[in-house]
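Values below: every heavy atom of this structure, side chains too, minus hydrogens, waters and symmetry copies. We count ligands from 1, going down the list as the structure has it; atoms in each ligand are counted the same way.
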Amino acid sequence: MIYSDELETMPREALEALQLKRLKNMVERVYNLVPFYKNKLNENKIKPEEIKTLDDLKRLPFTTKQDLRDNYPFGMFTLPLEQVVRVHASSGTTGKPTVVGYSKRDIDVWSELMARSFAACGVGRGDVIQNAYGYGLFTGGLGAHYGGEKLGATVIPISGGNTKKQIMIMKDFQSTVLTATPSYTLFLAETLKEMGIEKKDLSLKVGILGAEPWSEEMRNNIEEKLGIDALDIYGLSEIMGPGVAIECKEAKNGLHIWEDAFIPEIIDPETGEVLKDGEEGELVITTITKEVIPLVRYRTRDITRIIKEPCICGRTHRRIERIKGRSDDMLIIRGVNIFPSQIESLLMDTEGVEPHYQLIVDRVNNLDVLEVKVEVSEQIFSDEIKQLQNLQKKIEKDVKDLYGINIKVTMAEPKSLERFEGKAKRVIDKRKI
Ligand code: DLL
């Protein structure tokens with residue numbers, strides 16, 4: 001289902017012309033209104049009027065999370081607070097949060113892009129959206145909420161947590177759509193089972209899941225457990241919130257990034273060089289419609305690639321591949337780079353283990369070591385010890401065969417590892433403790 005035919009299927013040429021017009025406008029605005037940008041462009045000896053083609057974008061300097069921190073809280077805003085109707089913030093693990101602001105128009109654009117995203121997942125009027133993303137400074141809850149209302153669907157603003165009540169409501173209100181993190185969705189599925197509720201007792205048909213990396217194998221697991229289509233939604237507070245990119249139900253392969261609002265680039269994270277479509281690297285986004293806090297070439301730290309091929313759904317906005325992980329979360333184990341999502345894929349393909357795991361990284365004698373703790377199914381757990389040992393050895397061997405590294409696998413009792421209501425925290429880095 002296409003929400004806005006004109007904008008979503010716009011011929012590339014027209015779309016790129018629109019991008020260029022908006023980009024010029026935006027660079028001009030930030031140069032004149034934000035001292036940070038004026039200084040940065042001056043330092044790089046580039047003037048806004050020198051941006052003449054989309055290719056000139058790469059002459060502009062990057063913006064980083066640190067820049068937002070240095071200008072905490074409102075230093076990057078282009079408008080006075082009189083015109084800022086909302087703020088959100090992303091927590092981060094240390095120090096001050098990153099603060100973002102929205103004008104009335106920013107909220108309207110965000111709601112529209114979220115409405116488009118819902119529609120791309122087959123959601124429309126008459127659908128009941130159980131919005132289990134957290135409400136608050138986190139953008140997930142309110143972002144999905146406003147988009148759902150804009151679309152004309154019915155939104156249940158339940159937020160995350162309170163799992164048993166959540167399930168009662170899901171059943172009684174006949175929710176058709178679940179918006180939540182993949183890890184909370186797993187927790188909901190597990191609780192349903194404990195409560196003796198089967199998927200046929202529910203009206204759920206789609207899950208719009210994101211805010212954290214998850215694998216294709218995890219998708220299959222969730223779809224199987226809940227009998228739904230599970231679609232991937234991407235976004236980040238600095239750029240807007242949820243709805244920056246979305247998978248379409250038609251292809252379920254890669255996420256369309258709304259290019260009339262954002263210009264994506266993929267760069268080599270080491271050198272900053274722009275890579276060609278199809279090459280894997282760090283996603284960099286320039287916002288071209290935002291009023292309060294437009295960002296020039298924001299380094300997301302998220303690793304993905306741009307899919308060049310047009311999509312069968314007819315949308316002309318390019319797709320990015322499912323996010324592999326954040327470059328900060330990449331583990332370097334004896335010189336081999338590995339993302340937690342790669343370990344997840346492997347675990348989820350292994351019979352007898354549950355989709356609950358932890359990665360524990362430590363440094364022993366100057367070498368990084370990885371321990372994978374994974375829950376086993378009730379059945380395996382009640383089998384003889386030999387079975388458990390075989391399973392453990394099999395996973396260790398599979399990791400070695402695929403990635404060439406030695407890791408340690410430990411088996412955890414069913415339901416013993418932590419469950420999550422929002423974003424999962426699966427990596428425990430003892431090197432940083
Ligand atoms: O997580 C916004 C959001 C809310 C997206 C609800 C989707 C659904 P932040 O808290 O600022 O914003 O975190 C942004 O989360 O840079 C990625 O590293 C990660 N992330 C978000 N969506 C995905 C996804 C929200 N679909 C950071 N796959 C981003 C992988 C994701 N990682």
Side-chain angles (χ1 to χ4, degrees), residues 63-65 68-69 87-93 97-100 102 110 113-114 117-118 120-121 129-148 157 159-160 177-185 206-216 218-219 222 230-248 252-258 262 264 269 282-285 287 293 295 298-305 319-330 339-342 344-345 420-427:
T63 308
T64 63
K65 201 175 181 79
L68 292 173
R69 289 217 177 98
V87 289
H88 279 287
S90 81
S91 52
T93 38
T98 316
V99 184
V100 287
Y102 303 79
W110 185 12
L113 296 180
M114 253 325 285
S117 304
F118 273 124
C121 300
I129 302 172
Q130 176 141 353
N131 186 17
Y133 284 123
Y135 282 66
L137 285 176
F138 175 57
T139 51
L142 284 170
H145 184 106
Y146 274 61
S159 198
V177 181
L178 172 69
T179 48
T181 58
S183 46
Y184 188 51
T185 306
V206 189
I208 303 178
L209 318 179
E212 64 185 8
W214 54 310
S215 58
E216 194 59 33
M218 180 73 91
R219 185 212 309 266
I222 289 174
L231 297 159
D232 195 0
I233 181 163
Y234 171 76
L236 61 166
S237 349
E238 294 89 327
I239 294 301
M240 180 176 84
V244 171
I246 187 78
E247 263 183 335
C248 60
K252 236 195 216 184
N253 177 16
L255 299 85
H256 292 277
I257 176 156
W258 298 124
F262 312 109
E282 179 182 337
L283 177 66
V284 168
I285 300 178
T287 67
I293 180 162
L295 293 178
Y298 184 71
R299 292 191 59 160
T300 66
R301 305 247 158 225
D302 293 320
I303 305 296
T304 179
R305 66 177 96 229
R319 287 168 294 164
I320 54 172
E321 200 169 73
R322 165 193 289 293
I323 305 280
K324 202 167 177 183
R326 291 179 64 75
S327 53
D328 324 303
D329 294 338
M330 186 181 75
F339 282 96
S341 63
Q342 292 170 291
E344 177 181 295
S345 296
F420 304 95
E421 293 177 353
K423 294 179 193 252
K425 200 177 166 308
R426 294 206 177 91
V427 180

Subset of ligand 1 atoms that lie under 4.0 Å from at least one heavy atom of G140
4 (C), 6 (C)
Which of the atoms in ligand 1, numbered in the order shown and given with their element, are less than 4.0 Å from a heavy-atom of T139?
2 (C), 12 (O)
Contact check: R326 vs ligand 1, nitrogen or oxygen atoms, below 3.5 angstrom
yes
Specify whether W110 and Y102 have parallel, tilted or perpendicular ring planes, treating 30° as the upper limit for parallel and 60° as the lower limit for perpendicular.
parallel
Measuring from atom 12 (O) of ligand 1, which candidate in I320, L236, D232 has the nearest non-hydrogen atom?
L236
Any idea which of H88, M114, K324, K423 brings a heavy atom closest to atom 10 (O) of ligand 1?
K423
Just to confirm my output: which protein heavy-atom neighbour is closest to [atom], and how far is it?
| atom | value |
| --- | --- |
| atom 16 (O) of ligand 1 | D302 OD2, 2.7 Å |
| atom 11 (O) of ligand 1 | S237 OG, 2.4 Å |
| atom 20 (N) of ligand 1 | A211 C, 3.5 Å |

Please determine, by modelled atom types, if S183 and E212 share a side-chain donor-acceptor pair under 3.5 angstrom.
yes
Y234 pairs by side chain to side chain contact (heavy atoms under 4.5 Å, CB included) with which of I239, T304, L255, I257?
L255
Once you round to the nearest 0.5 Å, how far does CZ of F118 lie from CD1 of I233?
6.5 Å
With W214, which of T185, D232, T181 fulfils side chain to side chain donor-acceptor pair (under 3.5 Å)?
D232
Within reach of ligand 1, part of E212 (heavy-atom separation under 4.0 Å)
backbone
Any carboxylate oxygen within less than 4.0 angstrom of a Lys/Arg side-chain nitrogen, looking at R219 and E247?
yes
Got a donor-acceptor contact below 3.5 angstrom from the K425 side chain to the V427 backbone?
yes
